[in-house]
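Contents: one structure, followed by commentary.
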Amino acid sequence: MGTVIDHATVTRAGWRSRHSALRIAVATAGACLDEAGCPPNDLDLLVNAGLYRDGNLGEPALASVIQKDVGGPAPDVAKRLAQELVTRDKVDFLVGFGFTPEALAAAPVATEGKTPMIIMNAATSIITTKSPYVVRISLTLPQVSAPMGDWAIKNGIKKVSTIVTDYGPGIDAETFFKKTFTAGGGTVIDSVRVPLNNPDFSAFMQRVKDAQPEAVFVFVPATEQCITFMKAFKERGLADAGIKIIATGDLLEDHQLQTIGEAALGVVSTHHYSMAHDSPENKAFLKAYADANGPEAGAPNFMSVAAYDGMAAIYNVIEKLGGTMDADKALAILKGYKRTSPRGEIMIDPETRDIVQTIYVRRVEKVDGQYRNVEFENVGMLKDPGK
Ligand code: PHB
């Protein structure tokens with residue numbers, strides 16, 4: 001593979017850090033990169049040797065993770081990189097996939113190469129139907145949007161405009177919000193779709209304002225666009241006109257929420273994870289995230305949790321297979337996989353290979369000086385309503 005080892009270093013684990021193998025590995029990698037003068041983003045190959053978890057001898061002695069950064073929604077690049085990973089590097093799993101177009105482009109590569117593909121974000125319902133090797137551990141947009149239609153009705157909202165990003169997950173969000181909202185007697189007076197790349201929300205905001213809905217249902221992908229959206233909403237005077245935002249949690253994801261700030265206060269959204277979720281598993285996750293990434297990394301979000309759970313699922317497969325990889329056996333193990341995640345109980349539906357999980361209704365509040373999505377209701381365990 002033409003790998004060049006630039007530098008090697010060793011750190012000694014004192015007894016104090018005996019309980020955090022991950023921290024030791026991260027510290028060693030950081031020291032090594034520092035000494036080699038190599039920025040982490042230039043890293044192509046990371047080899048973790050001898051990373052053992054406490055009392056868990058099933059941990060593979062040697063695991064390698066090959067990282068490729070697609071750099072935004074770029075399906076052609078994703079497909080080419082997936083092909084290289086499967087045919088040249090002979091990887092055992094393809095994992096990641098932030099955006100739907102990348103996941104859709106890579107799915108045929110997973111089928112062709114008989115390689116399990118774990119989706120850690122991309123959330124258009126249809127993705128799991130595109131290859132028998134795809135398993136999703138994140139969310140689907142119908143799963144988080146349908147409950148918002150019901151919640152709006154129950155809370156006396158009758159007249160709504162929708163505004164979504166114009167691609168797979170946005171269209172799923174619009175469709176499934178409308179379905180439950182109109183079934184409950186609500187009216188969608190206008191549906192606006194904005195382009196995925198570099199949207200200027202101002203003109204769209206004016207259109208929503210002119211339609212005078214009681215609330216606007218929103219999906220935008222969890223990127224800096226959330227900040228741009230909330231800014232435009234305020235600047236265009238929609239809040240002052242009394243229009244409420246109801247959204248999927250993508251708009252108010254925990255990593256960006258402090259930057260959005262005051263404008264988010266009181267906004268209600270539906271989603272599967274909030275960093276304010278009160279459980280021992282979430283506390284352990286928040287600590288592990290802070291230990292591994294340091295304070296400058298900021299808050300984890302729902303994508304971090306999907307990655308964490310995805311790695312746990314892979315770990316479970318490796319352990320069950322005793323370190324010998326077999327794609328079909330791996331799929332059999334992943335189907336029906338259950339885990340107590342930082343978000344609550346999760347399961348992979350054996351039929352659809354899609355995530356089953358609790359969806360929460362949350363409101364942004366200030367807790368200990370920080371803006372947080374505080375869960376106040378839930379709709380129980382939900383399969384993808386899009387299937
Ligand atoms: C996607 O499927 O492209 C997607 C879904 C939800 C997000 C971001 C991207 O927040």
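Residue numbers start at 1 and run along the sequence shown. Counting starts at 1 for both ligands and their atoms, following the listed order. The structure presented is a predicted model; accordingly, all values stated were derived computationally and were not measured.
Contact annotation for Ala222 and ligand 1: heavy atoms of both the backbone and the side chain come within less than 4.0 Å of the ligand. The proximity of Thr223 to ligand 1, defined as any non-hydrogen pair under 4.0 Å, does not occur for either the backbone or the side chain. At a heavy-atom cutoff of 4.0 Å, ligand 1 is contacted by the side chain of Phe302 but not by its backbone.
Distance from atom 4 (C) of ligand 1 to its nearest protein heavy atom, with residue and atom name: Tyr167 OH, 3.5 Å. At the shortest separation from atom 7 (C) of ligand 1 among protein heavy atoms lies Asp250 OD2, 3.4 Å.
Here's the thing with Pro101: none of its N/O atoms is less than 3.5 angstrom from an N/O atom of ligand 1. Polar contact check, Ala123 against ligand 1: a nitrogen or oxygen pair lies under 3.5 Å apart. At least one N or O atom of Thr100 sits closer than 3.5 Å to an N or O atom of ligand 1.
Considering Asp278, Asp309, Asp254 as possible partners of Arg343, the one that fulfils the salt bridge (Lys or Arg N to Asp or Glu O under 4.0 Å) test is Asp309. Of the residues listed (Val317, Asn316, Ile318), the one engaging Ile314 in a side chain to side chain contact (heavy atoms under 4.5 Å, CB included) is Ile318, and it is the only one. When each of Arg207, Lys209, Lys159 is paired with Asp190, the salt bridge (Lys or Arg N to Asp or Glu O under 4.0 Å) condition holds for Arg207 and for no other.
Contact record, Pro75 with Ala105: O-CB, 3.4 Å, taken as the closest heavy-atom pair.
Under a 4.0 Å criterion applied to the non-hydrogen atoms of Asn121, ligand 1 contributes the atoms 4 (C), 5 (C), 6 (C), 7 (C), 8 (C), 9 (C).
Using cut-offs of 30° and 60° on the angle between ring planes, the pair Phe201 and Phe229 is perpendicular. The aromatic rings of Phe217 and Phe177 sit parallel to each other, their planes meeting at less than 30°, with 60° as the upper class boundary.
Ion pair Asp76/Arg80 not flagged as a salt bridge, since none of the NZ, NE, NH1 or NH2 atoms sits closer than 4.0 Å to an Asp/Glu carboxylate oxygen.
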